[in-house]
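In listed order, ligands and their atoms are each counted from 1.
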Amino acid sequence: MQHTELEALLHDMSLNEKIGQLFQISGQLLAEDSAAMGPMQDMGVTREDISLAGTVLGVYGAEKIKKIQKEYMEHHPHHIPLIFMLDVINGYRTVYPIPLAQGASFRPELSGACAKMAAREAAAAGLHVTFSPMTDLVRDARWGRVMESTGEDVWLNGRFAEAMTRGYQGDDLAGDETLAACVKHFAGYGAPDGGRDYNTVQLTERTFREYYLPAYQAAVDAGAALVMTSFNTVNDIPATVNKTLMRDILRGEMGFDGVLISDFGAIGETVAHGLSSDRADAARRALEAGVDIDMMSGVYPEKLEHLIREGSVKEELLDEAVLRILELKNKLGLFENPFKGADAEKENRVILCGENRALAQEAAERSFVLLKNDGDFLPLKRQETVAFIGPYADRKQMLGGWSFLGDPADTVTVKEAAETLAAGWNFTFAKGCPVLDPETRLVGFGKDSQESYTEQEREAMWKEACETARQADKVVLLLGEHYLQTGEATSRGVLELPEVQQKLLKEITSINPKTAVVLFNGRPLDLRLVRDNACAILEAWMPGTEGGPALIRTLTGACEPTGRLPMSFPYCVGQVPVHYDEFPTGRPYSGAEDTNRFLSKYLDIPNKPLYPFGYGLGYTTFSVSEVRLDREEMTREGTITASVTVKNTCSRTGTDVIQLYLHDVAASVVRPVKQLKGYQRVTLEPGEEKEVSFEIREEMLRFYTADGSWDSEPGSFEVMIGESSETENKKVFVLKK
Ligand code: BGC
C-alpha cells in the first residue's frame, strides 16, 4: 500500500477500531468464549475490544494462524490483518545456545546466522514479529535475565544487537522467511538495584547514555522495526510512560521511527509504581509518551475511548500510533498477503531440519568456554575410562528458560550423543542427584521444577555415582542450575550451585580427584568450590537442542573450546556488580601485599573476579608479544596501527581471540580502566606465528565529555592487547590537538 492509502484507511476507521489497533491480545483470549471472559472482564476488556485488536501474542503454527487471520479479517470492519508476535529468543523449535552463551562465542556473525534460521522456522509457522534481541547491558549476576543478554561489554553487545536484528529481518520484512525484530527492554532494564527483577534503576545521565544506550542504538541503526519498553523506572519515572525517554531520546535523538510496544502489562503497572494515579492516567501518559501497543494491560481498550471523547487526550496522538502500526503491517506485506510465510508443509520441513540442527551444534561448540585445564586434562583420551556423572549427564532440558517452543524431547543429551559420536570410547554414566536440593521448590513455575524421588531412590543414585567414579580413570561431572533458575523473575541472592550438587562434587572428587566439571547455567556463578576441586572446568551454558553432540565433540577433542567470557564471573556474590571496565579510584589497590590499609579493597575477598571478561582457554597455548605501535602520536584525522605477534607454543593447532583494549589516561571525566574496542580470532598450526594488527582511529577514543559532547580529548592513551580483559600488555600514544 502507498502511504496515502494507509492514511485514507486511518481516516475511515472509527474511534474504537483505531483504539483496537493499539490493543494486543493473547492467544488465550482469542480462544476464550464469552462465558469465560473472567480475568479480561476484570480489566474492563469486552468481546468487541477483542474483535478489534491489532496484534496477537503467543499464538504459533501455520494452520492455526491462517485460520485466526482469515476469520478475524472477515469480521473486521476494514479487514485489517493481525500481526502475530512471539518471543523467539534462542531459536524457535531448533534451539541454539542462550544469548549469554552466544556472547561468549565472540562471533556476532554466527548469532546473525542463528537469528536467520530462527526467523525461517518461525515465519513458516506464521509468525511476524519476535521480541528479540534483548540488548540490555548486564553487570549483575544476581539478575536472572543476564542469560538473555550477550553480556557486560558495551561495544560487543552492540555488535550482537545489529547482527541479530539483521539476521531476523533480512532485506525484506515482507519476505516469507523474515521476522520483524523488537529491541528490548528500553531502557536500562539490566541495571536493577540489588539485581532484583523489575526493581528501580538509577543511572547517571552519562552512564545511561554512554554504557546503556549504545546497544539499543546499534539495533535501531540496523533497522529494528519495533522497540519494547522496560518495566523499570529510569531515574524515577517508569520507562513505559517516560515521555522524555521515549519521545526525545528514542525517537528524537536515536532516530527510531518504528512501533513502540509496552512490556507485558507495563502500562497498567505504572499505577503500582506510584506514578500514574489510576488506569486512565496510565493510558494517557503512555500514549503521550508515544507507546503504540499496549501489551496485555488492557488499559488502552478500557480507557482511551473515554479519555479521547472527554478531550483529555488528543485524537491525533492515537492517529499517530495507529498509523505506525498500519505502517508496520504494510512493511510486513500483510495487506497484500495476510498469511505471509505461513506454510504448514514448509513448517514441517524446515523445523529441526538437518541444516538447522548443524547450525545449532556449531553455535553451541563455539560458545563453550574452558576456564581451567590443569595438566591438559581435556580433551579426554580414547584409552581412558571416563565416568560421566551428574544431573546433566543425560538431561534433555538444556534449552534455557526462554525457549517457549523448544521441546526437550528434541534435544540430544550428552549420553545420547556419546552413544553415536563416541561409540568406541569407554564411557559410563550415572546421575548422582537431581538438579535441585530436595527442599527447593521454584514457586509459581509449575510442576517440573522438582523431580520427585524417594529417599531410597536418591541414595541408590548417589551410590551408583560413587561406584562409577571409583571404577573410572577420569570423571566428568555435569552440574548446573535448573533452567527455571534463570530468565525472567529469577533473581538469586546466592550464586553457588545447588547444595546437593556441591555435595556430589565434594564426594566424587574425594573418590576420584581426576575430575573435570562441565557447567550448565544461565548466569555467572561463584565457582570457588569447583575451581578448588576440579582439574578442568568447561562452561557450557544452556547449549540448546544440539548441546549433547557439541559437548561430546569438544570433550573428545574433535573440536576445541574457543569461547571467551562475556561477563565476569565474580569471586563471590559480595563482589557483584563486577565488570572489567570499572573506573580507577583515587586509592587503587594492585592486589599485591601492601602495608597501606587505606586502599580501595575488601578485607576478605580480592577485587578481581574469579574469571574475568574475555577470559577463556583452548587446548593450545599461545604467546603474545609486546605491543608495537607504528607511531607514537596521532592526529584526529590519522590512525595508529597497534600490533602483536601471536605464536602457537603447543603441539596442536589452536585458535585464540586476541583482544584490543584502550584507556584514556587523563580526561575531563574519569574513564574506565580499559574498554574493549576490537578483537581478532587467529588459528595457528603448532609453532606458527602471526602478526595481529588493529587500526586505532580517533572515533574509538570518543566519550561523553564534561561538557556533554560526544568527542575525544587530546592526551595520552594506553593500548592494551592480550588474551583477556586482564591484560596489562600495553603501550602509550598521544592524541594531538
Ligand atoms: C518480558 C518480555 C517478553 C514479554 C512477552 C515479558 O514478561 O519481560 O521480555 O517479551 O513478556 O512474552
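Every atom of ligand 1 with a heavy atom of Asp87 under 4.0 Å away is listed here by number and element: 3 (C), 5 (C), 10 (O), 12 (O). For ligand 1 and Phe231, the ligand atoms under 4.0 Å from any heavy atom of the residue are 7 (O), 8 (O). Atoms of ligand 1 found under 4.0 Å from any heavy atom of Asp263 (numbered from 1 in listed order, with element): 1 (C), 2 (C), 3 (C), 4 (C), 6 (C), 7 (O), 8 (O), 11 (O). Listed by number with element, the atoms of ligand 1 under 4.0 Å from a non-hydrogen atom of His185 are 2 (C), 8 (O), 9 (O). Atoms of ligand 1 found under 4.0 Å from any heavy atom of Lys184 (numbered from 1 in listed order, with element): 2 (C), 3 (C), 9 (O), 10 (O). Atoms of ligand 1 lying under 4.0 Å from at least one heavy atom of Phe264, given by number and element, are 6 (C), 7 (O), 11 (O). For ligand 1, the atoms sitting less than 4.0 Å from at least one non-hydrogen atom of Arg145 are 1 (C), 2 (C), 8 (O), 9 (O), numbered in the order shown with element in parentheses.
With respect to atom 7 (O) of ligand 1, the closest heavy atom belonging to the protein is Glu488 OE1, 2.7 Å.
Judged by the shortest distance from any of its heavy atoms, Met228 lies inside the 4.0 Å radius around the atoms of ligand 1. In this structure, Glu148 falls outside the shell of residues with a heavy atom less than 4.0 angstrom from ligand 1.
Salt bridge Asp410/Arg93: present, at least one basic N to carboxylate O contact under 4.0 Å. A salt bridge does not link Asp294 with Lys303: none of the charged nitrogens is closer than 4.0 Å to a carboxylate oxygen. Ionic pairing of Glu320 and Arg247 is present here: one or more N-O contacts between side-chain nitrogen and carboxylate oxygen are shorter than 4.0 angstrom. Taking the charged nitrogens against the carboxylate oxygens, Glu71 and Lys67 do have a contact shorter than 4.0 Å, which makes a salt bridge. Ion pair Asp292/Arg251 flagged as a salt bridge, since at least one NZ, NE, NH1 or NH2 atom sits closer than 4.0 Å to an Asp/Glu carboxylate oxygen. Note on Glu177 versus Lys346: salt bridge recorded, some NZ/NE/NH1/NH2 to OD/OE distance being below 4.0 Å.
Between Phe613 and Phe106, the ring-plane angle classifies as tilted under the 30° and 60° cut-offs.
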